[in-house]
Amino acid sequence: MNDGRFLSRLPGAHKTASGGQRSALGFHFRTIPMLDAGFIRDNLSAVKANCANRNATPDLDRIVALDDERKRLQRVADETKAKQNEISKKFPSAKTPEEKASLKEESGKLKEAVASTDALLKQVQLDLHAALMTVPNMTHPDAPVGRDPSSNKVVAEFGTKPNFDFKAKDHYDLIHELDLADLEAGAKVAGQRFYYLKNEGVLLELALVQYAMQTLIRHGFTPIITPDVARVEVLEGIGFMPRDNAETRQVYTIADTDLCLIATAEITLGGMHRDQVFDEADLPKKYVGLSHCFRTEAGAAGRDTRGLYRVHQFTKVEMFTFCTPEQGEAIHEQIRAIEEEIFNGLGIPFHVIDTCTGDLGGPAYRKYDLEAWMPGRGTAGDYGEITSTSNCTDFQARRLGIRYRPKEKKGGGLPFVHTLNGTAVACTRAMIAILENYQQADGTVRVPEVLQPWIGKDVIRAKKG
RNA sequence: GGAGAGGUGGCGGAGUGGUCGAUCGCGUUAGUCUCGAAAACUAAUUUACCCGAAAGGGUAACGAGGGUUCGAAUCCCUCCCUCUCCGCCA
């Protein structure tokens, strides 16, 4: 799904809870950006080209200049502090009051110098940080280049579109006729785009969750149920912008707290290991998380208003892995293969999209979407997104401070892990695909075989009366 | 929500104003020994940033932020978190 994440400027100073990256000033950044200034400096033309492909316009030259200034100020501050430390060391051996007084005076002057340099340094660090936050991830060389979704590339197709000898209904009609959900009650109680599931609608959701969980457990993923809320800084670490103004913000914030309702378990799964250092031997870590997802759908006014396609709350089973850079691409392919397995197992026709540069969003290095054929969508059926899997390389890990200790220590600091995520099942979208593809001429809907054990029947019929 | 106790390196746990980036134990890694392993012994073992080709040097960090001081893990203030007990509750 389109998570609605995008890059924008972060407000500069904000207090941190704990952890995070520490500068020489002791000042804490809540997050650090995907690309560090050194990388940008060394690869300036490549980064510029990448930003152009991604419709991003960070001021890269300014970043390099700010980094120069940062280094200069850091050196000045460090040297002054070194002098100050020397004076302190002399103090215990100072005998006379005069000696002590003169040491105090000297130290006092240095103290002022340090304070002013530190203030400048802090501002430069804030500016640099803010500028770096606007730089998107680099892009996989094989990802299609293009400005908008029209450049997305279909890389695989699975299943066969149903050939109905009747007029296909859309899921909205099926839900009402079979009494699987109550959208009116949802609107009355919580507002437009909320819903109650009912009857087999409930069983369908639970069955999808079970089916997805069981499949992922079979693939060695650790099952997790996560909180449905998370701190603002975790959202930012994952790449969301919860501090945006209310008109553009994609997530709900909880009044009088620094918490948000999560838009995906990617947030809570990714945040689970923030500020940690893994041993390389423990990687990859593969999780499958269940959560509710809440989205404001800002900017989607008037789109997909019918039925369950675009709602403010839904249930989702999400894959998330922490791994080494070397493992990342293979795991991305594995996650995509699992998504294909899940929807092939459900008997849903779908194709796979390799997302183009302009449509990637900030964190993703490469992204595949599965789009299911939905016979009731549009006038004669259309594809609708059902899953999405991204390789975020170290973009999120940098912001969340997640590193690993390599088996062979190479010197030069600990590398960041790579993170990948992918939808196993987003219940409402999967439900739409099932209802519309499995409908029959008599208005009933067959139950996909793999879900029957949990639903206890093979056909969903209209209720009597 | 109330009361109390705590937050130190991968883990455990010392340390109450300077010689502490931090005793010690465990773990991990390497070496010795061994046919091999274990045990024992020896050594290494936090991280970020800056300078440097490197060797090496500098700065910072003991939950977070601020304060006192020539000097703070250590004293003061604020906040966060964890644990125990009580209350409430699915």
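Every chain is numbered from 1, with letters handed out A, B, ... down the list of sequences.
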B:U19 and B:U59: how far apart are their P atoms, nearest whole angstrom? 13 Å
Distance in angstrom units between A:Asp275 CG and B:C80 P, rounded: 19 Å
Rounded to whole Å, please give me the gap between NZ in A:Lys109 and P in B:C70. 15 Å
Taking pairing as Watson-Crick or G-U wobble with both contacts under 3.5 Å, can you name the mate of B:U29, or confirm there isn't one? B:A43
If pairing means Watson-Crick or G-U wobble with both distances under 3.5 Å, then the partner of B:A38 is none
Nearest-nucleotide pick for A:Leu414, side chain only, options being B:G58, B:A48, B:A60: B:A48
For B:A39 versus B:C33, give the span between their C1' atoms, rounded off to a whole number of Å. 10 Å
Would you find a donor on one side and an acceptor on the other, under 3.5 Å apart, between the side chain of A:Tyr211 and the backbone of A:Ile342? yes
Taking the side chain as every heavy atom from C-beta outward, state whether A:Phe240 and A:Thr264 have any pair of such atoms under 4.5 Å apart. yes
The single option from A:Arg274, A:Arg243, A:Arg398 passing salt bridge (charged side-chain N to carboxylate O under 4.0 Å, His left out) against A:Glu236: A:Arg243
What nucleotide among B:C50, B:C81, B:G66 has an atom nearest to a side-chain atom of A:Arg231? B:C81
Taking the same atom, P, in B:U68 and in B:A14, what whole-Å distance lies between them? 32 Å
Can you tell me how far P of B:G17 sits from CG of A:Asn85, to the nearest Å? 20 Å
Please give the distance between the C1' atoms of B:U28 and B:C11 as a whole number of Å. 11 Å
With C1' as the reference atom in both, quote the distance from B:A48 to B:G66 in angstrom, rounded to an integer. 22 Å
Answer for the Watson-Crick or wobble partner of B:A64, both distances under 3.5 Å, is B:U78
Using the test side chain to side chain donor-acceptor pair (under 3.5 Å), find all partners of A:Asp142 that sit at least two apart in sequence or belong to another chain. none
By the Watson-Crick or G-U definition, both distances under 3.5 Å, B:G9 is matched with none
A:Val277 vs A:Leu103, nearer the 5' end of RNA chain B by closest nucleotide: A:Val277
Identify which nucleotide among B:C50, B:C81, B:A48 has an atom closest to any side-chain atom of A:Arg70, counting heavy atoms from C-beta outward. B:C50
Closest nucleotide among B:U59, B:G10, B:C70 to the A:Arg405 side chain: B:G10
B:A22 - base-pair partner by Watson-Crick or wobble geometry, distances under 3.5 Å: none
Partner of B:C49 by Watson-Crick or G-U wobble geometry, both contacts under 3.5 Å, or none? B:G58
Do A:Arg429 and A:Tyr309 meet the cation-pi criteria used here (NZ or CZ under 6.0 Å from the six-membered ring centre, within 45° of the axis)? yes
Who pairs with B:A73 - Watson-Crick or G-U, where each distance is under 3.5 Å: none
Watson-Crick or G-U counterpart of B:A3, or none if no pair lies under 3.5 Å: B:U84
For the pair made of NZ in A:Lys407 and C1' in B:G10, what is the distance, rounded to whole Å? 17 Å
Should the ring pair A:His312 and A:Phe194 be called parallel, tilted or perpendicular, given that the plane angle runs from 0 to 90° and is split at 30 and 60? tilted
Which atom pairs link the protein and nucleotides 71-74 of chain B when you take only N or O atoms and keep those under 3.5 Å?
| residue | atom | partner | partner atom | Å |
| --- | --- | --- | --- | --- |
| B:G71 | O4' | A:Ser88 | OG | 3.2 |

Could you check how far CG of A:Asp78 sits from C1' of B:C50, rounded to whole Å? 6 Å
If you define the side chain from C-beta out and look only at heavy atoms, does anything of A:Ile460 sit under 4.5 Å from A:Leu180? yes
Exam field: side chain A:His171 to backbone A:Ala433, donor-acceptor pair closer than 3.5 Å: no
Sticking with atom C1', work out how far B:U23 lies from B:G67, rounded to a whole angstrom. 30 Å
So if I take every side-chain heavy atom of A:Lys104 and compare against B:C50, B:A60, B:C70, which nucleotide ends up nearest? B:C70
Rounded P spacing from B:G87 to B:G15 in Å: 35 Å
Rounded to whole angstroms, how far apart are NZ on A:Lys71 and C1' on B:C50? 9 Å
Using the C1' atom as the reference point in each nucleotide, state the distance between B:C80 and B:G63 in Å, no decimals. 8 Å
Nearest-Å distance for atom pair CG/C1', residues A:Asp279 and B:C11: 12 Å
Can you name the salt bridge (charged side-chain N to carboxylate O under 4.0 Å, His left out) partners of A:Asp458, sequence neighbours left out? none
Could you tell me whether A:His273 and A:Phe322 have their ring centroids closer than 6.0 angstrom? yes
Take atom CG of A:Asp68 and atom C1' of B:C50, then tell me their distance rounded to the nearest Å. 13 Å
Earlier contact from the 5' end, RNA chain B, for A:Asp67 and A:Lys83: A:Asp67
